[in-house]
Amino acid sequence: MSYDLVIFDNDGVLVDSEPISNRHLAAYLTELGHPTTYEDSIRDYMGSAMHRIHELIAERTGQRLPEEFDDVFHARVFAAFERELKAVSGADEVLGKLAADGVPYCVASSGSHERIRVGHRVAGLGRWFDDERIFSSQDVGRGKPAPDLFLYAAERMGVAPERCVVVEDSPLGVQAAVAAGMDVYGFTAMTPAAKLAGATGLFSDMGQLVGLLTSS
């Protein structure tokens, strides 16, 4: 392995949550008087921390989302997770391979700690992540595309940024990894390759990832 730490994004990389969460986000924003399609939500909010949604709505409309927005949104998404969420195909195998080979890894997500844990439990990935391997935008002042979260994860895991590699599926995440001085592999299962410009490499099937990491 060419790296000392593999940092995974969560939504869309480990758990197939982006279609679920963006469908509900678009519906809720529309319900609140901010017409948003599923495609709009993917384009504008995929990979974002919750604060960015609030900031963009305020910037565009001059209006603030209600105080209960985060709680209502998460309640709807978590209920949908219980019914629908699955692991990204191949993610379980990749994590098992890294664990078996003794390669350090962690997750660094724009989602809350609760969202990460709920997703891992429902998708059957919880056994791969103890508390010391889970980092959230809640832990830092700024979410992606700022590099803060990835730098924080590297520091907590005791690895220099240049020895880390990030696995991401959103433009914001790729930008954050580049800003952190880390290599980053862009997962194109949902995101067109052209939108992940700046990535060290691209892959469309999780089964390709270990080979990419070991050949770099």
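What's counted below: heavy atoms across the whole structure, side chains too, no hydrogens, waters or symmetry copies.
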Requested in this report: Not counting sequence neighbours, which residues clear salt bridge (charged side-chain N to carboxylate O under 4.0 Å, His left out) with Asp70? List them please.
Outcome: none

Query raised in the report: Do Tyr45 and Leu29 come within less than 4.5 Å of each other through their side chains, counting heavy atoms only?
Result: yes

Report task. Treat each ILVMFWY residue as a node, draw an edge where side-chain heavy atoms are under 4.5 Å apart, and state whether Val165 and Val174 are in one component. Result -> no

Query raised in the report: Taking Thr214 for the side chain and Gly211 for the main chain, is one N or O donor matched with an acceptor at less than 3.5 Å?
Result: yes

Query raised in the report: With no hydrogens and no angle check, is any side-chain donor or acceptor of Thr36 less than 3.5 Å from a backbone partner on Thr30?
Result: no

**Report entry** Point-to-point distance, once rounded to the nearest 0.5 Å, from OG of Ser170 to CG of Asp11
**Finding:** 9.5 Å

Report task. Quick one: do Asp92 and Lys86 satisfy salt bridge (charged side-chain N to carboxylate O under 4.0 Å, His left out)? Show the steps, please. Result -> CA-CA 11 Å; Asp92 190 71; Lys86 294 180 173 57; over 6 Å; no

Report summary line: Note: Leu149 and Ser110 closest approach over all heavy atoms is CD2-N, 4.3 Å

**Report entry** Chi angles and distances behind the side-chain hydrogen bond (donor to acceptor under 3.5 Å, both in side chains) call for Ser21, Arg115
**Finding:** CA-CA 11 Å; Ser21 60; Arg115 176 178 172 131; 3.2 Å; yes

Report task. Report yes or no: does Ser136 contribute a side-chain atom to a donor-acceptor pair with the main-chain N or O of Asp139 at less than 3.5 Å? Result -> no

Requested in this report: Using a strict 4.0 Å threshold on nitrogen-to-oxygen distance, state whether Arg121 and Glu82 make a salt bridge.
Outcome: yes

**Report entry** Nearest heavy-atom neighbours spanning Ile116 and Ser109
**Finding:** CD1-CB, 3.7 Å

Query raised in the report: Between Val166 and Asp9, does a side-chain contact (heavy atoms from CB on, under 4.5 Å) hold up when you go through it step by step?
Result: CA-CA 7 Å; Val166 175; Asp9 175 44; 5.8 Å; no

Query - More than 12 heavy atoms of other groups within 6.0 Å of Arg156 CZ - result: no

Query - Co-membership, hydrophobic cluster, residues Leu25 and Tyr38, 4.5 Å side-chain - result: no

Report task. Following the transitive rule for hydrophobic clusters with a side-chain heavy-atom cut-off under 4.5 Å over Ile, Leu, Val, Met, Phe, Trp and Tyr, establish whether Val13 and Leu85 coincide in one cluster. Result -> yes

Query raised in the report: Residues two or more places apart in sequence or in another chain: which of them pass side chain to side chain contact (heavy atoms under 4.5 Å, CB included) with Val72?
Result: Tyr28, Glu68, Arg76

**Report entry** Note, Leu14 side chain near Trp128 side chain (heavy atom, < 4.5 Å)
**Finding:** no

Query raised in the report: How far does CG of Asp169 sit from CG of Leu196, to the nearest 0.5 angstrom?
Result: 7.5 Å

Requested in this report: Check whether Phe129 and Val210 end up in the same hydrophobic cluster, where Ile, Leu, Val, Met, Phe, Trp and Tyr are linked by side-chain heavy atoms less than 4.5 Å apart.
Outcome: yes

**Report entry** Gap separating the CG atom of Leu5 from the OH atom of Tyr105, nearest 0.5 angstrom
**Finding:** 11.0 Å

Requested in this report: Only counting residues at least two apart or in another chain, list the ones meeting ring pair (Phe, Tyr, Trp, His ring centres under 6.0 Å) with His24.
Outcome: none

Requested in this report: Evaluate side-chain contact (heavy atoms from CB on, under 4.5 Å) for Gln63 paired with His34, printing each intermediate quantity in order.
Outcome: CA-CA 10 Å; Gln63 300 174 22; His34 306 289; 3.5 Å; yes

**Report entry** Nearest-0.5 Å distance that lies between atom CD in Gln208 and atom CZ in Phe187
**Finding:** 8.5 Å

Query raised in the report: To the nearest 0.5 Å, how far apart are CD1 in Ile20 and CD in Glu84?
Result: 4.5 Å

Query raised in the report: Which pairs pass ring-ring contact (aromatic ring centres under 6.0 Å, His included) with one or both residues in residues 144-171, sequence neighbours excluded?
Result: Phe135-Tyr152

Report task. For residues Pro161 and Leu151, determine if any side-chain heavy atom of one lies less than 4.5 Å from a side-chain heavy atom of the other. Result -> yes

Report task. For the pair Asp101 (side chain) and Val103 (backbone), establish whether a donor and an acceptor sit closer than 3.5 Å, ignoring hydrogens and angles. Result -> no

Report summary line: Those residues at least two apart in sequence (or on a different chain) that pass side chain to side chain contact (heavy atoms under 4.5 Å, CB included) with Asp130 are Glu132, Arg133

Requested in this report: Sequence neighbours left out, what passes salt bridge (charged side-chain N to carboxylate O under 4.0 Å, His left out) with Arg64? Give chain and number order.
Outcome: none

**Report entry** Worked check of side-chain contact (heavy atoms from CB on, under 4.5 Å) between Asn22 and Arg43
**Finding:** CA-CA 10 Å; Asn22 282 283; Arg43 182 193 65 225; over 6 Å; no

Query raised in the report: Rounded to the nearest 0.5 Å, how far apart are CG of Leu65 and CE of Met50?
Result: 8.0 Å

**Report entry** Check: Phe78 and Val122 side chains under 4.5 Å, non-hydrogen atoms
**Finding:** no

Report task. Mind telling me whether Tyr3 and Tyr185 have parallel, tilted or perpendicular rings, with 30° and 60° as the class edges? Result -> perpendicular

Query - Side-chain heavy atoms of Asn10 within contact of His120, under 4.5 Å - result: yes

Query - For the student: nearest non-hydrogen atoms of Ser137 and Ala49, plus distance - result: OG-CB, 3.6 Å

**Report entry** Which atom of Cys106 lies closest to which atom of Ala153, heavy atoms considered
**Finding:** SG-CB, 4.2 Å

Query - Test item: Gln138 side-chain N/O and His113 main-chain N/O as donor-acceptor pair under 3.5 Å - result: yes

Query raised in the report: Between Phe69 and Phe73, what is the ring plane arrangement, given parallel below 30°, perpendicular above 60°, and tilted in between?
Result: parallel

Requested in this report: Say whether, by atom type as modelled, one donor and one acceptor occur between the side chain of Arg52 and the main chain of Asp44 under 3.5 angstrom.
Outcome: yes

Query - Considering all heavy atoms, the nearest Ile42-Met46 contact - result: O-CB, 3.1 Å

Query raised in the report: Are Leu98 and Phe203 co-members of a hydrophobic cluster defined by side-chain heavy atoms under 4.5 Å apart?
Result: yes

Report task. Write down the atom of Val88, the atom of Val15, and the distance for their closest heavy-atom approach. Result -> CG2-C, 3.6 Å

Requested in this report: Report the C-alpha separation of Phe8 and Val6 in whole Å, then their side-chain angles, then the decisive distance to 0.1 Å, and conclude whether the side-chain contact (heavy atoms from CB on, under 4.5 Å) test is met.
Outcome: CA-CA 6 Å; Phe8 289 94; Val6 182; 3.7 Å; yes

